[in-house]
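Take a look at the structure below.
Along the sequence shown, residues carry numbers from 1. Computed from a prediction, not measured in an experiment: that's the story for all the values here.
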Amino acid sequence: MIASLEGDILAVDADSIVIDVNGLGFSVRMSSRDTARLHAGQHERIITQMTVSQDAIGLYGFTDAPSKKLFMQLQKVSGIGPKVAMAILSTLSVQDLSTAIRDNDVTALTRAPGLGKKGAQKIILELRGSVDLELSDGSAQEGSSPQSDATDHNIQQVVLGLVSLGWQQKDAYSAAKTAVGQLGLEEPLGDDDVPRVLRAALSDLDRGR
């Protein structure tokens, strides 16, 4: 079982990375929330979980332990496989997911691609209490705060929008941060500012072609 990988990141896509470990390149599937924080050339340690099925062997990665714990917990719910679990972690932060489960917020959960209302209800029913316990034991990231979460979330929305239009992850992130500065906005970025930053970043990228 591969528990972690440490090395240089060779490539970053919206939902995966390639990391070089002593000359071996490992393809690791990750949430878009995590890939938005990474870039090629970065030296990183990635926490991993290997899944084995009749059809394939998958390697999933995380930048923090709480995300991996939730990934494993989500798959204990009947009908929730690794792809849907990762889609949920791409859509909601660890804290947002815990809050949605605690507050019986089906709508928040169903924003994740591939997760319907019944699946969201099952997650809430089966994980309520246990997820809160995971977060209350101090497993949340050190130094995290509502402010940093908001910044990550909204910048990531811009980056994901640019990636969906065909831009590389690192270029999209750089353009998003540049646009924030050009527009004179402060972080954490407000929800209403996301479309403005997206348009400005896209315009900047188009000019650079």
Side-chain angles (χ1 to χ4, degrees), residues 13-16 29-37 49 51 58 60-137 139-141 144-165 169 172-173 176 180 185 187-199 201-202:
D13 290 322
D15 60 356
S16 66
R29 295 182 181 180
M30 301 184 71
S31 74
S32 58
R33 301 183 70 86
D34 279 345
T35 59
R37 303 187 183 103
Q49 176 65 37
T51 63
Y60 294 83
F62 315 87
T63 58
D64 59 80
S67 294
K68 179 180 177 179
K69 289 181 179 180
L70 278 177
F71 177 75
M72 300 300 293
Q73 281 191 310
L74 286 166
Q75 291 179 79
K76 294 178 181 179
V77 178
S78 176
I80 304 298
K83 290 183 179 180
V84 174
M86 191 59 77
I88 294 171
L89 292 175
S90 291
T91 306
L92 300 170
S93 69
V94 170
Q95 188 59 58
D96 288 341
L97 177 55
S98 175
T99 299
I101 293 173
R102 183 194 64 205
D103 295 345
N104 195 29
D105 191 348
V106 173
T107 301
L109 287 172
T110 53
R111 294 206 306 267
L115 183 65
K117 184 177 180 180
K118 289 185 178 179
Q121 291 172 332
K122 289 175 68 176
I123 289 174
I124 291 171
L125 179 64
E126 297 185 31
L127 296 186
R128 179 179 289 169
S130 62
V131 169
D132 287 336
L133 179 61
E134 290 289 340
L135 294 178
S136 64
D137 67 2
S139 60
Q141 293 186 46
S144 66
S145 67
Q147 185 178 44
S148 63
D149 284 345
T151 302
D152 286 343
H153 173 72
N154 288 315
I155 290 294
Q156 285 167 20
Q157 295 309 304
V158 176
V159 172
L160 289 174
L162 294 171
V163 169
S164 70
L165 294 172
Q169 186 87 24
Y173 181 78
V180 170
L185 300 173
E187 298 184 27
L189 197 64
D191 292 341
D192 293 341
D193 293 325
V194 171
R196 294 175 59 199
V197 174
L198 179 58
R199 287 193 296 269
L202 183 58

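Proximity of Leu115 to Ile80: side-chain heavy atoms (C-beta onward) are separated by under 4.5 Å at one or more points. Looking at Leu92 and Leu109, their side chains come closer than 4.5 Å, going by heavy atoms from C-beta outward. Proximity of Leu125 to Lys122: side-chain heavy atoms (C-beta onward) are nowhere separated by under 4.5 Å. By the 4.5 Å heavy-atom criterion applied to side chains, Ile124 and Val106 are counted as neighbours. Taking 4.5 Å as the limit, every side-chain heavy atom of Leu202 sits out of range of all side-chain heavy atoms of Arg199.
Between Thr35 and Ser16 the shortest heavy-atom distance is CG2-N, 3.9 Å. Shortest non-hydrogen contact noted between Ala112 and Ala87 is CB-O, 3.9 Å. Closest approach of Thr110 and Thr107 over heavy atoms only: OG1-O, 3.0 Å. The two residues Val158 and Leu198 come nearest to each other via the heavy atoms O-CD1, 3.8 Å. Across all their heavy atoms, Arg33 and Ser90 have their closest contact at CG-O, 3.2 Å. Contact between Ser31 and Met86 at its shortest, heavy atoms only, is N-SD, 3.2 Å.
To the nearest 0.5 Å, atom NZ of residue Lys69 and atom CZ of residue Phe62 are 13.0 Å apart. Distance check, rounded to the nearest 0.5 Å: CD of Glu126 to CG of Leu74 gives 10.5 Å. Note that CD1 of Ile123 and CG of Leu97 are 7.5 Å apart. Values are rounded to the nearest 0.5 Å. Here the CZ-OH distance, from Phe71 to Tyr60, works out to 5.5 Å after rounding to the nearest 0.5 Å. Annotation: the span from Leu185 atom CG to Arg196 atom CZ amounts to 5.0 Å, rounded to 0.5 Å. Of the inter-residue distances, the one linking Ile101 atom CD1 with Leu127 atom CG reads 5.0 Å to the nearest 0.5 angstrom.
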Tell me, with the steps shown, if Leu189 and Ile155 meet side-chain contact (heavy atoms from CB on, under 4.5 Å).
CA-CA 7 Å; Leu189 197 64; Ile155 290 294; 4.0 Å; yes
*Would you sort out whether Thr63 and Met30 count as a side-chain contact (heavy atoms from CB on, under 4.5 Å), showing the intermediate values?*
CA-CA 9 Å; Thr63 58; Met30 301 184 71; 3.9 Å; yes
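Around OH of Tyr173, the count of heavy atoms belonging to other residues, nucleotides or ligands within 6.0 Å does not exceed 12.
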